[in-house]
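These numbers come from a predicted model, not from an experiment.
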Amino acid sequence: MNSRQMFTLLIVVVFVVVLNHHGVEAVRVLQEDFAGENHLMAYPSVYESAKSTVECWFGMLEVSDLMALRGVWQLQKLIVSYSDWGGSSRGIRAFMESHLPAFKDGNPQLEVVTELIRGQHPHLKAFYKNKNQRVVCVKNMTPEDVLLHATRLRNALGRKVVKLKTRHVTKHPSVQGTWTTDLKF
């Protein structure tokens with residue numbers, strides 16, 4: 001084997017060892033002898049301590065307080081429209097039996113109204129404080145999907161969607177122009 005092959009083999013071995021290394025906990029023996037034994041003091045890894053800190057922070061947050069504008073919920077009224085015999089309303093009828101009571105109890109600030117409409121597909125209609133409304137069609141959806149859409153409507157601020165004219169928005173546009181990949185020197 002020449003030196004080039006030996007060097008390549010050494011790099012491959014080091015690479016394999018580094019990839020198979022699974023992490024080490026730092027352990028030290030305390031100098032003092034407590035009750036006649038040497039105690040090992042294991043230090044948790046940085047990942048574990050960060051994970052426990054973030055879990056503690058999320059534990060302090062209320063889930064219902066996450067999506068409100070200045071502490072005020074923007075959704076005022078949610079109308080659940082369904083048909084009592086239509087096949088596309090099967091999921092929303094199951095949602096009304098299983099998830100809607102808990103959704104009402106979890107959102108006391110929200111007025112939830114059910115509306116029977118025959119011959120139409122089911123939908124959720126949301127009315128916001130800024131006088132805007134959104135309608136979401138929930139035909140042929142599972143109860144979990146209907147709950148997801150109701151939660152998204154509750155969390156939304158009710159603002160209209162604005163189509164942007166450019167891909168980026170800035171208060172101070174560049175004097176030199178926008179960088180593109182077609183730039184030629």
Side-chain angles (χ1 to χ4, degrees), residues 44-183:
S45 66
V46 174
Y47 171 76
E48 290 297 326
S49 62
K51 181 179 171 187
S52 66
T53 303
V54 170
E55 286 175 355
C56 179
W57 288 343
F58 280 130
M60 287 188 258
L61 288 176
E62 289 287 330
V63 176
S64 62
D65 292 340
L66 290 178
M67 296 297 292
L69 182 65
R70 297 181 195 94
V72 178
W73 286 102
Q74 297 301 303
L75 182 62
Q76 287 182 324
K77 185 176 184 180
L78 181 69
I79 297 178
V80 180
S81 301
Y82 69 100
S83 173
D84 58 348
W85 59 270
S88 63
S89 295
R90 184 179 300 122
I92 200 164
R93 287 192 303 263
F95 163 77
M96 289 170 49
E97 292 174 4
S98 59
H99 298 294
L100 190 60
F103 185 77
K104 280 184 178 180
D105 294 340
N107 299 294
Q109 80 284 354
L110 180 62
E111 178 186 355
V112 180
V113 178
T114 58
E115 178 183 46
L116 178 64
I117 51 165
R118 290 190 173 127
Q120 294 182 11
H121 290 300
H123 59 271
L124 300 173
K125 189 182 288 188
F127 294 93
Y128 294 93
K129 289 193 180 206
N130 59 1
K131 307 299 182 208
N132 286 338
Q133 65 179 3
R134 287 189 184 172
V135 179
V136 177
C137 181
V138 290
K139 70 175 183 176
N140 298 325
M141 289 189 182
T142 63
E144 290 77 21
D145 291 339
V146 175
L147 177 63
L148 178 69
H149 282 290
T151 306
R152 285 183 179 165
L153 287 172
R154 181 205 62 189
N155 291 344
L157 297 177
R159 296 179 179 155
K160 294 287 186 185
V161 178
V162 178
K163 184 176 179 182
L164 300 176
K165 295 178 182 172
T166 61
R167 289 184 292 169
H168 61 280
V169 177
T170 179
K171 290 182 180 178
H172 306 289
S174 172
V175 177
Q176 300 172 351
T178 307
W179 181 85
T180 62
T181 56
D182 298 333
L183 189 62

Spatial distance of atom [atom1] ([X]) from atom [atom2] ([Y]) [nearest 0.5 Å]:
X: L147; Y: R152; atom1: CG; atom2: CZ; result: 11.0 Å
X: I117; Y: S89; atom1: CD1; atom2: OG; result: 7.0 Å
X: Q120; Y: C137; atom1: CD; atom2: SG; result: 10.5 Å
X: L78; Y: K104; atom1: CG; atom2: NZ; result: 10.0 Å
X: K160; Y: N130; atom1: NZ; atom2: CG; result: 8.5 Å
X: K77; Y: E111; atom1: NZ; atom2: CD; result: 5.0 Å

Quick check against the 3.5 Å criterion: does [X] have a side-chain atom that pairs as donor or acceptor with the backbone of [Y]?
X: Q74; Y: V72; answer: yes
X: R134; Y: Y128; answer: no
X: T142; Y: D145; answer: yes

Can you see which heavy atom on [X] is nearest to which on [Y], and at what distance?
X: A126; Y: L75; value: CB-CD1, 3.4 Å
X: N140; Y: G87; value: OD1-O, 4.0 Å
X: V135; Y: H123; value: CG1-CD2, 3.9 Å
X: G86; Y: R93; value: O-NH1, 3.0 Å
X: P122; Y: Y82; value: CB-CA, 4.2 Å
X: S88; Y: H121; value: OG-ND1, 3.0 Å

For this session: Starting from the C-alpha separation in whole Å, work towards a yes-or-no answer on side-chain contact (heavy atoms from CB on, under 4.5 Å) for L69 and R159.
Result: CA-CA 11 Å; L69 182 65; R159 296 179 179 155; 4.0 Å; yes
For a 4.5 angstrom cut-off between non-hydrogen side-chain atoms, does [X] reach [Y]?
X: I79; Y: L124; value: no
X: F95; Y: L100; value: yes
X: V80; Y: V113; value: no
X: N132; Y: F127; value: no
X: H99; Y: V146; value: no
X: H149; Y: M141; value: yes

Exercise. Step by step, would you call N155 with W73 a side-chain contact (heavy atoms from CB on, under 4.5 Å)?
Worked result: CA-CA 8 Å; N155 291 344; W73 286 102; 4.0 Å; yes
